[in-house]
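Since the structure comes first, as structure tokens, the remarks are kept for the end.
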Amino acid sequence: MITKPTLPQGTRDFAPDVMLKRNYLISTIKQVFVKYGFLPLETPAMENLSVLTGKYGEEGDRLLYKLLNTGDFLKKADTEDFNDSNTLLKKISEKGLRYDLTVPFARFVAANQHDLVYPFKRYQIQPVWRSDRPQKGRYREFYQCDADVVGTKSLVCELEIIQMIREVFSLLQITDYTIKINHREIIRGLSEFIGFPGREAELSVAMDKLDKIGVDGVKKELVERGFNIESAEKLFIVLGITGETKEKISQLKNTLTVDSAQQGLADIETILNYLTLSDENWNHIEIDPSLARGLSYYTGSIFEVKINNIQIGSVSGGGRYDNLTGIFGGKDLPGVGFSFGIDRLYDAILELDLFPTDLVESTNCLIVHFDQESFDYGFSVLKNLRKNGISSEIFPEMAKLKKQLQYANKKNIPNVLFIGSEEIKTGIFTLRNMTDGAELKGTQADIINQLK
RNA sequence: GUGGUUGUAGUUCAGUUGGUUAGAACGCCUGAUUGUGGUUCAGGAGGUCGCGGGUUCGAGUCCCGUCUUUCACCCCA
């Protein structure tokens, strides 16, 4: 016997029952993106490594999937190249799988900058690949649903991101969640405030672990990273500020008196004010100065969405990156965007049991038959049903009625149409509702009317 | 990339200190029921115990490697 084939680590098949749920998620998200004026875009699964490398930091480069050159991939390599994997890599690999959707998007914008209408709003729903160690809610192949705007610094974009997140969650019936907001300038100000200007990268890494390792853990980590205990204490003067959002902002403004932080706070205030002007409340929103987010290209506001009381990482995140397209030789276009991780959303919604029960896009009607004559007769009836837009099928082989009906049961087909010699003779058919067993007798026209 | 964890029928899991022919439930197939499904009853099929090596008279069980699962770190959707 041949050994069973397995999937590569961290990848999955999506069986029909799973796909129905995933499609529901994707179409919900897509529908909201479209409503806010975003246009679809797709880019190739693979990009040149020159596009991908260096955009995600050292860690990101390690997690990139690299593709061997086609043909004799060792052709360009010399013996001494084998002494260093980085040198060898350049000789044997020129392409890699995309790591996220933002960088390919930036590449696209840089390449087509003169043909686009600005502000350019695009959405993109495609898989990405990272050679990370799989864990719960972490896969090596997963989907991102991105929506980005380039070509404007307007904070209306940030407003709309918040609105879209809320709208998607509302449609998905998710009620207990938090949209965390921060600003790169606030982090910069924080770094300055605690006496270590310019060290916000290290500060971010430590702060980001607050949920996990607690106040003392963060203080310890800061000291290990070369900050001192006084600066750590000072940090928590700011992070210790709690309260209603309005109150929190004014306290932050009074405490974090550094210029950069003031700018960041002003931006957030503007965004929230836009929300008020849109007749919306500030529910689900939390300003969190410790929110860091990994990607180094963010320059302004930062978002992250967590579903509360669910053991899963963030399900959505994003931010403003005012100079991403510049690295591809284009003019520096400001941009802002965010992304839903639908694999995690799926896991969360499954755990919360919030998937609608009526997602089965099953056949509406199955034609069952008793003998060769009724089987043959069934084709014209089937054609007629389909002509009237009724999703239907005929049991494709001669089989006992029991088997045919069991097929309908297993496939959740709600209606069964019986065809036998009696029916052919009289032109009166029996339609059975498989849920409650109720039967309806009538002509083909009656049946079609009922099924529509 | 580092350290732990997991793998037995289609599925969820039993399987004693290493000891004959590896079990259960559900599912699947057949029949009771040749023009009527779900229920019930009777019967049946299905496993070289993830894969490869080793120790042993003997391995599902112990050891090593590998793949997979899962968890922590790193990082992240």
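Throughout, protein chains are lettered first and strands after them, A, B, ... in sequence-line order, and every chain is numbered starting at 1.
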*Most 5' of A/Lys136 and A/Phe142 on RNA chain B, judged by nearest nucleotide*: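 Checking each residue's closest nucleotide, the 5'-ward one belongs to A/Lys136.
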
*Report the residue (A/Ser339 or A/Thr11) whose heavy-atom-nearest nucleotide on RNA chain B is the more 5′ of the two.*
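Whichever sits nearer the 5' end wins; that is A/Thr11.
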
*Would you indicate which nucleotide in B/A77, B/C75, B/U68 comes nearest to any side-chain atom of A/Arg130?*
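Side chain of A/Arg130 sits closest to B/A77.
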
Donor-acceptor pair under 3.5 Å, [X] side chain vs [N] base:
X        : N     : answer
A/Arg344 : B/C76 : yes
A/Arg138 : B/C75 : yes
A/Arg432 : B/G37 : yes

So [X], base contact, sugar-phosphate only, or nothing? Heavy-atom distance under 4.0 Å.
X        : value
A/Thr430 : nothing
A/Phe418 : base
A/Glu59  : base
A/Asn409 : base
A/Ser314 : sugar-phosphate
A/Thr435 : base
A/Gly420 : base
A/Gly318 : nothing
A/Glu58  : nothing
A/Val205 : sugar-phosphate
A/Gly437 : base
A/Gln135 : base

_Tell me whether the rings of A/Phe395 and A/His369 are parallel (<30°), tilted (30 to 60°) or perpendicular (>60°)._
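Answer is tilted, since the angle falls between 30° and 60°.
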
*Expressed in whole Å, how much space separates the C1' atoms belonging to B/U17 and B/C29?*
41 Å

_Between B/A45 and B/U40, how many Å separate the two P atoms, rounded to a whole number?_
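To the nearest whole Å, 22 Å.
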
Taking 4.0 Å as the cut-off, does a side-chain nitrogen or oxygen of [X] come that near to OP1 or OP2 on [N]?
X        : N     : answer
A/Gln9   : B/U69 : yes
A/Lys400 : B/G35 : no
A/Gln404 : B/U36 : no
A/Lys209 : B/C75 : yes
A/Lys410 : B/C28 : yes

_When both hydrogen-bonding distances must be under 3.5 Å and the geometry is Watson-Crick or G-U wobble, what is B/A42 paired with, if anything?_
B/U30

*Hunt down the Watson-Crick or G-U wobble partner of B/A25, both distances under 3.5 Å, from any strand shown, or write none.*
B/U11

_Charged tip of A/Arg320 within 45° of A/Phe338 ring normal and under 6.0 Å_ =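 No, cation not above the ring by the 6.0 Å, 45° rule.
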
*Interatomic distance, A/Ser392 atom OG to A/Ile413 atom CD1 [nearest 0.5 angstrom]*: 9.5 Å

*asked:* My understanding is that only one of A/Leu235, A/Ile187, A/Leu239 makes a side chain to side chain contact (heavy atoms under 4.5 Å, CB included) with A/Pro289; could you say which?
replied: A/Leu239

